Amino acid sequence: MLFNKIEFAFFFPLVFLLYWYLFNKNVKQQNLFLLVVSFFFFACFDWRFLFLLLFSIILDFSIAHKIYNSKHHKKRWLWFSILVNLCFLGVFKYCNFFIDNFSETLSFFGFKPNVWSLQIILPVGISFYTFHGLSYIIDVYKSKIKPVESLVDYSLFVSFFPLLVAGPIERATHLLPHIQSKRHFDYSKTVDGLRQILWGLVKKIVIADSCATYVNLIFDNPDEYSGSSLVMGAILFSFQIYGDFSGYSDIALGTARMLGIELLQNFSFPYFSRDIAEFWRRWHISLSSWFRDYVYIPLGGSRGSKWQNIRNVFVVFMLSGFWHGANWTFVIYGFINFLYFLPLLLFRKNRDNLTIVNPNNLKSILITIFQVFSTFMLVSLARVFFRSQSVGDAMMYFKRMFSSSLFTFPEIFPKTVLGYVFLFLCIEWIGRNDLFALEKFAMNWKKPYRIAFYYVLTLLIFYFYGQDYQFLYFQF
Amino acid sequence: MNTVIKKVLLYLMPLFLVFIAFELFYQLVPNDYSVKNATIPKKYDSTEILIFGNSHNFYGLNPKYFDKPTYNLAHISQSLYFDKIVFDNYIDKFKNIKCIILNVEYTSLSEIVDTEENKWRKYYYQTYMNLEVPSINKYDFTKYFLSSTRNFNVNTKLVLRYLKEGTIVDCDQNGFGINYTKAKKIALLKKDALTRVKSIEDNLINFDDNIVRIQSIIDTCQKRGIKVILVNMPVSSYFSEGVNQLKQKRIQETCSKLVRNNYNVSYLNLVKDKRFTNDDFFDADHLDTDGATKCSKVVNTFINERLK
């Protein structure tokens, strides 16, 4: 059941009504109901993986208590949990990657290994709920939180349906207090949630899916197009992945808000970033901050020598790349971003742009445009690796892109789609100081105009609906 | 709470009405699938030849030009996966089938189950033809809301076409596609061929799943004494030259192997048949109605020889 499918349009209103009308007596009832619908939501993808999710939940729930109650073996339990969780990821996500690379390495040295690949299906959301569990265990170990007494509450923390399959990756310290306290219906939050869902659907269906048609065309046959068209492909892919993933996050956040639960912000207008460090503070924030808190800081963070700092950043970028999937393309994607980041780190410029861009005079406008554009282009070029099936494909894409045909007019120049992207960016720019672009946009308009504006967005969703592209981050 | 519900309902009301109108349109207005489903029972006793396959057969083989009573069960984008489902559902209902025609060719042999086209057409098979389609999940709600299988744009175009022409049915009483006439023919055949070759290329040369399906159909036919004719339909020279020749060769070899291994199977390869010129085509790889007449006669002669 995907957020942009008809099933969800029936599922969620039903859940919403039952939740606020029937299961609203106390927090236990609310949580139990949300847990049941979350499991149902997950089972709709593949019920067999429900057992894996349950196992993961019970394991981390029990170990958290062991850690809390143990006087001498806290560390041992912590590592046990980390190892088991990573083993799950290893088996389901990376097993064939390691087997293939092992086989290729042996072949390189002249051996003829008789290795096999396993037919393993990647369980939906495994990268996300494993990280939920890990964050909980580590926080308990560090005494940031006490272990949860109720298995229902903990299960809901891991499997709350809006974030179960593609994040945001929540923290126990943030989400558990929401789960453990009774939610009360709030009109303004509900309307706010609806607005965020509407904006998320626009991002996914109008922007991402429209771009996807051209992106698929270009990336599937890069040798058929000029360099300039391939640049267009890379740019469109940047908008596709942003619309797709941040659209999903917006729907997740809006859905949760309507149920009285606030999730972590996952995107904060990343394409208005002025440098790559700012970009990574604004893109997939829940993952970046997860790596910051559970990898970068434990490794020493910015303390220690320059080299140690560089090493720590390197580790985080490589892990972040590899988290996306078992393919060298993702590792290289991580490495390229590390290379982008390195000069900022060396010249101590990585914390120059901590607040959202707000140019106030002509000079700063021009400088900002240059910075934002160059950051966007760097990100888009690195994403060629992200989108390509193999490193060879990506290299071929670049070879073709940087040929003499780069200076011709692109054969693929989807004016309408680019027009929508432009309008979308305008709205995002106006709303860039808010949680999401539509949060306060048009709020000071007269009511009929505001409703008309929402109606235009709704009609656009209906107009573009049916292109049937899956959410990109489901594969992770 | 009640205020929110009221406001949301009020906001969505016009959209609900449009949605209901589209849904009524899909449920009430006849289309190729529902027309075939209504016509087929009348043909159970008389039909001797059944035509399966995709648009190449749908638009390319006109039952009217066959000597024996024939019915065209092909559909646009009907993959071998659906051929088998349609075949399994109907074969026992037809009492006098002597021969079936399957199109096994470049666009069908490597085709996977859930192609972009079949992502929405599968619901049509289930709803309009009452077929059990395994690729539709038990909990897939889309099957109950056909208007949600296509986007708003397509739905609107279909409604407008219905309002203008009074029908959206493209087949006659024998199931043959009548819409590809010479008058509507695509002007730039060469350009169309380049686009088509690109769009149909799946870069797959693994035919295993579809061979299993074909073999299963052949086995059932063998038990019932039915001949199976594998046809590779004619295409324009631009198209046949544009496709991967190695893959084309492997398809022909696969068909020949099926003929060698099964006594009830014959193979008719019309891909580069000299009797067909580019003038016979509606577009790069579909015959127009005149070309279909010519092709139907050729296939009819071939079948008559096999049924002697």
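Bear in mind the structure is a predicted one, so any value in this text is a computation, not a measurement. Below, chains carry the letters A, B, ... as their sequence lines are ordered, and counting in each starts from 1.
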Any Asn54(B) side-chain heavy atom under 4.5 Å of His75(B) side chain
no
Heavy-atom pairs under 4.5 Å with chain B, option from Thr458(A), Leu459(A), Val191(A), Asn221(A) with the top count:
Thr458(A)
Do Leu460(A) and Ile205(A) come close enough that some side-chain heavy atom pair is under 4.5 Å?
no
Portion of Tyr463(A) that has a non-hydrogen atom of chain B nearer than 4.5 angstrom
both
Do Lys189(A) and Met258(A) have side chains that approach each other closer than 4.5 Å (heavy atoms only, starting at C-beta)?
no
The complete set of side chain to side chain donor-acceptor pair (under 3.5 Å) pairs with one or both residues in residues 9-20 of chain A, sequence neighbours excluded, reads Tyr19(A)-Arg183(A)
Against chain B, label Leu194(A) side chain, backbone, both or neither, depending on which of its atoms sit under 4.5 Å from a heavy atom there.
side chain
Of Phe58(B), Phe281(B), Tyr180(B), Phe239(B), the one forming a ring pair (Phe, Tyr, Trp, His ring centres under 6.0 Å) with His286(B) is Tyr180(B)
Before we go on, tell me: are the rings of Phe40(A) and Trp47(A) under 6.0 Å apart, centre to centre?
no
So, do Phe161(A) and Phe11(A) have ring centers that fall under 6.0 Å from each other?
yes
Closest-packed option against chain B by number of heavy-atom pairs under 4.5 Å, given Tyr454(A), Phe185(A), Tyr455(A)
Tyr455(A)
Using modelled atom types only, decide if a donor and an acceptor are shared between the side chain of Gln78(B) and the backbone of Val86(B) within a distance under 3.5 Å.
no
Considering heavy atoms only, which positions within residues 15-25 of chain B lie below 4.5 Å of chain A?
Leu15(B), Phe19(B)
